[in-house]
Structures are given as C-alpha cells and as structure tokens.
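Quick notes on the structure that follows.
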Amino acid sequence: MSKFGLKQYISTAVAAFSLVSSAFAATAFINQVGYRTSDPKEFALVDGTGDIEIVDAAGQTVLKVTPKAATHWQPSDQDVQLVDFSELTEAGTYSIKQGGEVLRSDLKIADKVFEDVAKASLKWYYYQRASMALEEQYAGQWARAAGHTNETVDFHKSTGATGTMQSSKGWYDAGDYGRYIVNSGVTTYTLLSLYEHFPEYFKKLKWNIPAEGNLPDLLAEIKWNLDWMLTMQAEDGMVYHKLTTLQFPGDIMPDEDKSKLYVVGKGTAPALDFAGVMAAAYRVYKPFDEAYANKCLEAAKKAYAWGVKNPKMVFNNPRDVGSGTYSDGKLDDEMVFASMELFLSTGDESYKPKLNANETNIVPAWPEMYGLAVYSAAGHPNEAGSEAATAKKMLTDFGNEFAYGATKGFGVVMSNEDFVWGSNSVAGNQGVLLLHAYYLTGEQKYYEAAKKVVDYLLGKNPLDMSFVTGFGTKSPLLPHHRPSTADGVEPPVPGMVVGGPQPGGEDIGKETWMCKDYRTGKSVATAYIDDRCSYATNEVAINWNAPFAYLVGALEALNAGYAPSFAVDGVARDGTSALKPVVSRARVNANDGVRLRFTDQKLYVEKNGKRFDLKGHRFQ
C-alpha cells in the first residue's frame, strides 16, 4: 500500500452533504444503491421511536412496520434497530417516515439492482491497466495516456539476478503504480472463480472494454493481469515478488512517473500464489484458448515445484525499497491453495492436499489463502471427494456463525476485530464465504447474510455512506488514488471500493501530507475520513474490489437464474418479480406429512414442521 499522498484538504461539500435531516434524532441507514424487488429487505435505525411508514412518490403510505428490538453494535457503540420491509416489492423510489417526519427520501427498489455497480466494480480493473492508453471510447472523461510503457526493467539485487528483463501489462495495485504478485494472487483467483461459477452469465455481460479475441469481458480483463504475472517467472520456476519503483511516486499520472522500474525480491509466497492462480486459469481459459491454458498450467507446475524446494523463503523489503511489502511469514496456507488448484486441474493425486477441518482462518485475504482451497474443494465434489465434505462443513460452520451475527446491530457480520486495514474487504470476503455456504445448502439465511454485506458496503453503516465511488447518495469523493487526484477530473474514477474504517491511524501525523486525527474514540466503525491524505482508510486496492465485485456479480447472476454447477437445486433465483400467491387445486393427502399453507399473504409448503416456498427454499 502506498503511504504518501497530497496535502490534505477536506471538501466542504462532502461535510455539508447529507440526506438525513439533523433536525430529527432518528437516523435511517439504507443500501443507497437500492434493494431488489424480490429480495429480503432491511434498513437500520438509530435513535428511533415508534412505527415506520414507507411512503411512495405520490405521498401514499404503502407499508407500515414495527422495528425490531434494539441490539447494541459494539463497533460503533450504538443501539440499532433493524427494520424489515421485505413485503414491499413494487419498484420505485420511496421515503421513510417516523412520527410523521421524513427520515430520508432515497429508498430505491428495482430489478437488476446491482448490475450497474457490478459492471463498474469490474471495469475499474480496466482503469488500473498498466502499459496501455485508456481511450475515450472506453474510459470517457477518465481517458489517459499510457503509463510505464518501457518493457525493459532492471533486476534489483534482492532477486539475485543482474541485468534486465521484459515485463509489461498488469494492474496497478492500489492508489500507487506498483504491481505485486502476492496481491494479484487473491485478486485474480477471486475474479476467476466468479467466471468459473457463472460462465453463462458472464459470457453475456459486457461493460465496454477493448475486445480480446473471443473472450468474454471478464476473462479479457483478467488476462491482462495474467499476462503480466507470466512475465514475472524465472526459468527455474521461481516467481519475483513485485515490479515497482524504489519509492512511491508523487501525485502524478501514470505516464508522468519516470522513475526506474525494478523487479524486486523473490519468495515462497509469490511462487505458490502464482501456481494456484495459473492452475485455476488453465480450467477457465481452456475452452477459449487451449494453448494459452496449457501455458498457464505449465507455469503453475514450475512455480509449485520451486515452492516445494524452497518452502520457507520469506520476502522482506530491502532497505532501499519503500514500495509495498506484502510480506507473509506463514506459508502453509499458500501451499494448500496451490496444491488444491493443481490437483483439480491435473487430476494428479500427488498434488492433493488434506484439509484441516479445524483451520481457523478461512476468510480469504492476501496473506490468508487457505479459504480459497476450501472453496475449490467444495466446488469440485466429484474430484475432491472427502475433502469436499470437509470443506462443506467448514463453510457451513463459519456460515452459521456469520448468519447469526447478521441478525444484530447493523445487520452485518463485522465485529471489532474485523476493522483492520482494508476492513471493507474483510466484509466483502465474509459475504463471499456466505454465498459459498448458500451454494452448498440452498439455505436462505446464508443468502440473506451475504446480501446484507452488500447493504453495509453501499450505505447501511454508521457512516451513512456508500464505500464505492460513484454509487449511492453519498460516496467517497477524495479517494487516495493517484489518477483520481492528478487527472483534473472532479469525480473520482467510478467503481472503486475504498479501504474503510479502522482505528490504526497510520496516516495521522504532523507532516503536511498526513491527516489530522479523524478517529472517534472507541468507535472503530467510524474511524474513517474521505480525504486523499488517508491511505489507511480511503485508499483503493485491487484485492478490496474483488470480493465486492464477486458479491454483486454473483447476486445478479443468481437472480438471473444461474447457479454454480456444484450448487444444490433451488439456488438459482428468479429475481425480476416478487413471488405471487398461487392457489393449488391438487388434492393433498392429509396423512402424507406435506401441507400447503397460506398465511400473511404468502403460500408455502409445510413438511415435518419445516416451511418451504414454492421454489424449495426453506424459510428460516
């Protein structure tokens, strides 16, 4: 992560802007992008008293609901009521009222509600491309010249090599212009898995980026980074750690960064992350370009073999290098990840790892790759056998805990310890895990809890803001992102997920480029500032966008009627209209244990004391 930015300034427009009236004590926190017509729907309420009315554009009350009992949410030190308005299924824009006063007027309900933000979060990777100009026909007002076009780069002495090598393409990692194998690992795999899970949906979805042969847009974008990663492998299979300048650049555009690029370092983590990603890429690209897929697989095998021979080589930044470190001293999770992917892509039992059912860190992050192996084992039950069963139990055990946590506070899994650097990616990855539990079981509680993560990231949080640039009533305007700072365009590049609140205060100090103290006492969930000075809370990064893009992309695919090939029946949803009660005229044997019930305007099936909707989804 970059640690240097512009001189701070605070936008008075941001400080003044809020749809929530300060004249009334109650505050409603909503998903500011909107809610799907057919989805469960919930917003959070703080300091409210009495019933809630939801009013349509004509001023008519269309729904009156009683908020749930308040629960205390420790991360923001607030007592929060959750308000379920799932009965409202008509598309439109609504107001929320309590005690006759309007709390806000930007409550939206629509079909395909996350399609645009899904496209934007994926298109952001195009804006992060190195070595190419962004043309106006694709980039619009964010068009720019190509940066870092010199393919000949120097070896840093930390590589053990001398001279130069050729390396280009790839994605800029964050708000700076470095490219890092380790962070590309979790990012690229997450995006590959999104395609692998929903290939038919993503074959059709487009978001205006340059074509790459016959590849769907998602695979064309991923290939830009895979091509760079492939350049970072040495002949013996070893993979270099990163491609950066010695220090972070100032607030300049990519083409203005003329400092010399170096290939820096090597280690076990980049080799094994590379191996796992390339093995997964083999499966995904084989139907489109078998030669390219085979190239990825052979590179994966070489990197894995090198990692096995060098299992404990930890990278640390050399003294003369100040770019991002991404140092990881715990390497067994990378080994399990790479082993699982190579086993699944080759069928070679010698690669097959055994999962530890008691592993405690399975929510993925750049230094925590174990969860990716769990996902892959669960998603390939025929190949993984007993490991798939172990993976399913691990995911449902975590999923049960997460789903319960999402019933309290702001309705999101996050607890105090989750508010670390890049806390929004923690939330996003918790949501991705919940979706995997949903795929494997079809249980609605996992789907709902995953969707609540999206609600949180898009505004249902104590800061009352969407954390995605360009989306929501109030979103970041001053991200720590050099192109958005230096391009002379007022709005930031859209579709970026900022890091989010965390109390570390690494960017707080007395230097002119540092932030004043923005922390808010014991409330970790509000330790955030929308300012370019804040690389600790307001920077962007490829690994933070990836889980969000997976979440909203998967939710759209599911509600378009698609499901992963390994999912249980009933996981694919029809998300374009609400379920309408239908009266069945079929005779039901009273003794067969199955009954049709019709209560509260809903028709459902009851069997053995359990209730299911007409698509087989169990009511919780």
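- Counted by atom type alone, Q430 and D418 present one or more donor-acceptor pairs between their side chains at under 3.5 Å.
- The line from CG of D328 to NE2 of H241 is 9.5 Å long, rounded to the nearest 0.5 Å.
- Ionic pairing of D332 and K330 is present here: one or more N-O contacts between side-chain nitrogen and carboxylate oxygen are shorter than 4.0 angstrom.
- To the nearest 0.5 angstrom, L219 atom CG is 9.5 Å from N214 atom CG.
- No close placement of the F402 and Y446 rings is indicated, their centers lying 6.0 Å or farther apart.
- Checking side-chain atoms of K206 against main-chain N and O of F202 turns up no donor-acceptor pair under 3.5 Å.
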Test log, rule side-chain contact (heavy atoms from CB on, under 4.5 Å), inputs V420 and V426: CA-CA 8 Å; V420 295; V426 177; 3.9 Å; yes
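- You'll find the side chain of M232 stays beyond 4.5 Å of the side chain of F274, heavy atoms only.
- Of the residues N429, N424, V117, the one that meets the side chain to side chain contact (heavy atoms under 4.5 Å, CB included) test with F548 is V117.
- With values rounded to the nearest 0.5 angstrom, D333 atom CG is found 9.5 Å from L272 atom CG.
- For Y304 and Y351, the gap between ring centers is short of 6.0 Å.
- Centroid-to-centroid, the aromatic rings of F566 and H197 come within less than 6.0 Å.
- Counted by atom type alone, T187 and N543 present zero donor-acceptor pairs between their side chains at under 3.5 Å.
- A cation-pi arrangement is present between K169 and W224 under the rule of less than 6.0 angstrom and at most 45 degrees off the ring axis.
- Between the T268 side chain and the M313 main chain, a donor and an acceptor come within less than 3.5 Å of each other.
- Ionic pairing of K203 and E200 is present here: one or more N-O contacts between side-chain nitrogen and carboxylate oxygen are shorter than 4.0 angstrom.
- Between E115 and K119 there is a salt bridge, since at least one side-chain N of the basic residue sits less than 4.0 Å from a carboxylate O of the acidic one.
- The line from OG of S425 to CH2 of W366 is 11.5 Å long, rounded to the nearest 0.5 Å.
- Remark: W171 engages E221 in a side chain to side chain donor-acceptor pair (under 3.5 Å) (not counting sequence neighbours).
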Are V264 and L243 close enough, and set up right, to give a side-chain contact (heavy atoms from CB on, under 4.5 Å), and what steps lead you there? CA-CA 6 Å; V264 181; L243 176 62; over 6 Å; no
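- Looking only at atom types and distance, the side chain of Y189 has no donor-acceptor partner in the side chain of D273 under 3.5 Å away.
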Report the C-alpha distance between Y125 and N225 in whole Å, list the side-chain angles of each, state the deciding distance to 0.1 Å, and finish with yes or no for side chain to side chain donor-acceptor pair (under 3.5 Å). CA-CA 9 Å; Y125 291 95; N225 202 56; over 6 Å; no
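- Partners of K451 by salt bridge (Lys or Arg N to Asp or Glu O under 4.0 Å), not counting sequence neighbours, listed by chain and number: D455.
- No side-chain donor from either of N310 and K266 sits under 3.5 Å from a side-chain acceptor of the other.
- Each salt bridge (Lys or Arg N to Asp or Glu O under 4.0 Å) pair with one or both residues in residues 545-568, not counting sequence neighbours, appears once here: R36-E556.
- No side-chain donor from either of N545 and S121 sits under 3.5 Å from a side-chain acceptor of the other.
- Between K352 and E387, no side-chain nitrogen of the basic residue sits less than 4.0 Å from a carboxylate oxygen of the acidic one, so the salt-bridge criterion is not met.
- Remark: side-chain polar atoms of K223 are not paired, donor with acceptor, to backbone N or O of E212 under 3.5 angstrom.
- Checked against K393 for a side chain to side chain donor-acceptor pair (under 3.5 Å), the options T390, T396, D397 give a single hit: D397.
- A side chain to side chain contact (heavy atoms under 4.5 Å, CB included) with V552 is found for exactly one of V113, V468, V454, L457, namely V454.
- Proximity of a side-chain donor or acceptor of K460 to a complementary backbone N or O of L458 within less than 3.5 Å is not detected.
- Of the possible polar contacts, one joining the T159 side chain to the A161 backbone as a donor-acceptor pair under 3.5 Å is found.
- Judged purely by atom type and a 3.5 angstrom limit, Y447 has no side-chain atom pairing as donor or acceptor with the backbone of D39.
- No donor-acceptor contact under 3.5 angstrom links the side chains of K452 and N31, judged on distance only.
- The side chain to side chain donor-acceptor pair (under 3.5 Å) search around E341 returns R283, S376, not counting sequence neighbours.
- Of the possible polar contacts, one joining the E359 side chain to the N361 backbone as a donor-acceptor pair under 3.5 Å is found.
- Side chain to side chain, D173 and Y326 meet the donor-acceptor criterion of an N or O pair below 3.5 Å.
- When each of T190, T188, L194 is tested with L192 by the rule side chain to side chain contact (heavy atoms under 4.5 Å, CB included), just one qualifies, namely T188.
- To the nearest 0.5 Å, atoms CD1 (I222) and OH (Y195) are separated by 9.5 Å.
- If you check the side chains of W228 and S168, you find no donor sitting under 3.5 Å from an acceptor.
- For K204, the salt bridge (Lys or Arg N to Asp or Glu O under 4.0 Å) test picks out no residue, with sequence neighbours left out.
- Remark: aromatic rings of Y292 and Y285 are close, center separation under 6.0 Å.
- Residues that satisfy the salt bridge (Lys or Arg N to Asp or Glu O under 4.0 Å) test with K295, not counting sequence neighbours, are absent from this structure.
- Nearest heavy atoms, S345 versus A279: OG-O, 2.7 Å.
- Residue S184 holds its OG atom at 10.5 Å from OH of Y180, rounded to the nearest 0.5 Å.
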Side chain to side chain donor-acceptor pair (under 3.5 Å) for K445 and N400? Distances and angles first, verdict last. CA-CA 8 Å; K445 65 181 180 182; N400 289 337; 3.0 Å; yes
